[in-house]
Amino acid sequence: MTINPTLLAQTTRSSVNKADAAKRVIKAYRDWYRAAPEVVNLYLLTIPTSTVRSRIRQEFEKNRHVQQLPVIDMLIVKSNMEFQETMNYWKQTAQLMKYFRAEEDDRVHVPKDFMTGFLEGRNN
Amino acid sequence: MSLFRTSSRLVFARLPIAATASRAPIVAIRHKSTDAVNTKDAVVARTKEPHAVAVATHEGVPEIPVDTATSAYSPIPKYPEIHADDVLNAAFISGAPLDLQSRTVRIYKPAKPATQSGDWNTRRWRMDWDVLLRGHRWENPLMGWQSSGDSMQGTSLSFKSKEDAIFFAEKQGYQWFVQEPNTREFRVKSYAENFLHSPGKLKIIRTK
């Protein structure tokens with residue numbers, strides 16, 4: 001298989017305004033959402049597509065409240081790079097499975113609130 | 001709780017960004033999922049379907065996903081503060097694990113070592129991380145080598161000024177405090193002053 005480095009490459013640009021940024025984010029999310037089954041097939045994951053999709057959603061939700069345009073632009077750039085690397089099979093399985101640590105190891109979790117974490121003997 | 005030796009000149013502070021009216025207000029969002037109903041719902045969802053990932057606990061506070069740095073001892077992660085315009089929200093694009101958001105960094109000026117005269121290292125401000133209280137450290141049973149799972153262990157950053165360090169911490173969303181240095185008082189002393197006339201009853205000891 002020949003490697004085409006420009007496959008799925010997207011031009012980096014700054015968003016004009018918030019609406020433009022929102023449009024670009026939704027486009028990036030749609031690309032990821034549609035690609036989820038292909039990701040599972042490509043990397044022979046034992047995780048269902050629905051989990052991949054929820055994980056993608058989680059990553060987008062994490063940055064939902066970011067307001068600064070430069071930060072949003074950088075997040076879009078990073079998403080596009082990640083997408084290109086994933087879909088071209090430039091990643092190794094471990095580089096993808098780092099997002100699914102909670103699926104592999106049940107003990108790894110983020111405590112719901114301070115008290116839970118405190119009783120688990122965590123720091124802070 | 002802090003392991004730092006605290007002096008009386010310790011300054012706990014946050015930049016008074018919200019206090020100044022001229023700047024845009026911060027919409028501070030902290031990771032607080034104290035809502036019992038929502039927490040219970042999230043737990044139920046997890047037990048029903050093992051592969052389901054809870055997306056958000058409730059409106060406004062995204063759930064912090066498990067990342068590569070999460071361990072059984074990692075500090076309880078905080079959602080980074082959202083800045084509107086004043087400081088770049090670097091916490092979202094740095095790729096650093098979110099449990100750094102809940103750790104406090106110390107900004108200080110290192111003291112001159114008592115055994116050496118050189119004071120070059122005292123000219124820069126340094127930022128470092130507190131040692132974690134629990135876990136993250138173990139000893140090799142055979143050789144006794146000390147190990148640490150704390151990624152910030154022994155890490156320090158240097159800055160030209162205190163303001164630079166504070167700005168960096170604000171940008172990255174770190175909790176910070178400044179430990180002001182103890183400056184040495186220097187007075188010119190001369191031997192001849194011991195023999196000056198002093199009008200009082202007792203002679204002042206001028207050597208101190």
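Side chains are part of it too, since the values below use all heavy atoms of this structure and drop only hydrogens, waters and symmetry mates.
Environment of NZ in Lys23(A): sparse, with no more than 12 heavy atoms of neighbouring residues, nucleotides or ligands closer than 6.0 Å. Gln92(A) CD: 12 or fewer foreign heavy atoms inside a 6.0 Å radius.
The ring-ring contact (aromatic ring centres under 6.0 Å, His included) contacts involving residues 107-126 of chain B comprise nothing, where partners must be two or more places apart or lie in separate chains.
Here the closest heavy-atom approach between residue Tyr73(B) and residue Asn123(A) is recorded as O-ND2, 2.7 Å. For the residue pair Ile76(B) and Phe118(A), the shortest heavy atom distance occurs at CD1-N, 4.3 Å. What you find for Arg55(A) and Val66(B) is that their closest heavy atoms are NH2-O, 3.6 Å.
For residues 71-81 of chain A, heavy-atom neighbours of chain B at less than 4.5 Å comprise Val71(A), Met74(A), Leu75(A), Lys78(A), sorted by residue number.
In this structure, the side chain of Tyr79(B) engages the main chain of Lys62(A) through a donor-acceptor pair within 3.5 Å. Gln68(A) places no side-chain N or O within donor-acceptor distance of the main-chain N or O of Ala90(B), the cut-off being under 3.5 Å.
Proximity of Pro65(B) to Glu61(A): side-chain heavy atoms (C-beta onward) are nowhere separated by under 4.5 Å.
In this view, Leu157(B) and Met127(B), Trp129(B), Phe159(B), Phe168(B) satisfy the side-chain contact (heavy atoms from CB on, under 4.5 Å) rule, not counting sequence neighbours. Under the side chain to side chain donor-acceptor pair (under 3.5 Å) criterion, Glu120(A) pairs with His109(A), Arg122(A), not counting sequence neighbours.
Looking at Ser71(B), the atoms closer than 4.5 Å to chain A (heavy atoms on both sides) all sit in the backbone: N, CA, C or O.
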